[in-house]
There are 2 protein chains.
Amino acid sequence: MIPQSEPPTEPMSKTRLRLWLKLLKTSGRIEAELRRRLRDEYATTLPRFDVMAALSRFPNGLKMSELSDLLRVSNGNVTGIVDRLTNNGHALRVAVPGDRRAQLARLTPAGQVAFTKLAQAHEAWLDELLQGLDADDAAILHTLLGKTERETNAQ
Amino acid sequence: MIPQSEPPTEPMSKTRLRLWLKLLKTSGRIEAELRRRLRDEYATTLPRFDVMAALSRFPNGLKMSELSDLLRVSNGNVTGIVDRLTNNGHALRVAVPGDRRAQLARLTPAGQVAFTKLAQAHEAWLDELLQGLDADDAAILHTLLGKTERETNAQ
DNA sequence: GTATAAAGTTTTAGATATAAAATATATTGA
DNA sequence: TCAATATATTTTATATCTAAAACTTTATAC
């Protein structure tokens, strides 16, 4: 066996740090582009789009706390976003029969129409922004991202 | 050739949309955990860490606009973060000889010491949070993430 | 049955984020 | 030189975001 003087390999922690920076840069770049297009083309924001997407999946409405849990944002935050959607005419608050503490947030008909357009644009934008990845790439990437779970106790 | 009735395949745009949601969820989960640890263990924030990291790479200081470009955040934003770092004793502003419009932000000695500790903790946290990925996984992931570039005109 | 605890939401305080206006300084061109 | 323009930063207005306090309503314990 011939002794080889190998090039010193990078410690694994440095490799993971570089990977994280790449991951952060990638998601940040795409997210910034989505925010820009939502603002410029539809005069809305990503948090509002996220809330509308959640409400769209539950036509009967969601309690503020349910929205907060689903989107993993704070309770107080949801209040402000739903406020703005309400001022917009895209959402409204409905009383919960039998519990005067709670309220349901729901999309208005105008909100549903608006969200349908937003969702189509959103999907088309991502199809464009992720052109560089084919079906195989996407499958591998999805799997590898899944391998990072279970290291944080948050689900 | 035998005709096969294949299962209907998902349109590529849906695949890319699901991938994006996974990417967003992954980076959000890790970022939230980093923010939590920076706050709980070091009483600081991710934006301040990012600014300190940039200043640490340039011991002679960076102009506010250079910081803004490097970190890709708005000019007004950098002002506030450097303000807080300055109040903290971790940064200071230095006049630029020959241009009274500009100022350099620099780490103080205390800021350099603090950042060294933060950076070590940060690298160790990521090593932990990305345990699920070995060196091969990381290399593949890094490459696939790279394939998403060049679709947005932002560098 | 009332005191206490729990649940649901909003409000508050502080930090971050952008875009756009305002301020101050430099540079340029006639 | 001096007006016009460009550069560098801060300020302002608005929107997010969290944690924690405040408030209302409901449920529970005794």
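Just so it is clear, the structure is predicted and the values come from calculations on it, not from any experiment. To find a chain, count down the sequence lines: A is the first, B the second, and so on, and within it residues start at 1.
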Under-4.0 Å side-chain N/O to phosphate OP1/OP2 contact, B:Lys63 with D:dT9: no
With heavy atoms under 4.0 Å as the rule, sort B:Thr45 into base, sugar-phosphate or nothing. sugar-phosphate
When every non-hydrogen atom of A:Arg16 is compared with those of B:Asp127, the smallest separation belongs to NH1-OD1, 2.5 Å
Between A:Lys22 and B:Glu149, does at least one N-O distance fall below 4.0 Å, as a salt bridge requires? yes
To the nearest Å, give me how far apart CG (B:Leu38) and P (D:dC17) are. 19 Å
B:Arg39 CZ - D:dA19 C1' separation (whole Å): 7 Å
Chain A contact limits on DNA chain C, taken 5' to 3' with a cut-off of 4.0 angstrom to heavy atoms: C:dA7 to C:dA19
Pair B:Glu31 + B:Arg35, salt bridge at N-O below 4.0 Å: yes
Out of curiosity, does A:Val73 fall in the hydrophobic cluster containing A:Leu104 (side-chain heavy atoms, cut-off under 4.5 Å, transitive links)? no
Just checking A:Ser65: base, sugar-phosphate only, or nothing, at a heavy-atom cut-off of under 4.0 Å? sugar-phosphate
Are the aromatic ring centres of B:Phe115 and B:Phe49 under 6.0 angstrom apart? yes
With the threshold set at under 4.0 Å for non-hydrogen atoms, list the residues of residues 77-104 of chain A touching DNA chain D in residue-number order. A:Asn77, A:Ile81, A:Arg84, A:Asp99, A:Arg100, A:Arg101
Transitively linked via ILVMFWY side-chain contacts under 4.5 Å: B:Leu70 with B:Leu107? yes
Residue list, salt bridge (charged side-chain N to carboxylate O under 4.0 Å, His left out) with B:Asp50, at least two apart or on another chain: none
Here the distance between atom P of D:dT14 and atom CG of A:Leu46, to the nearest Å, is 22 Å
Salt-bridge present (B:Arg18, B:Glu10; N to O < 4.0 Å): yes
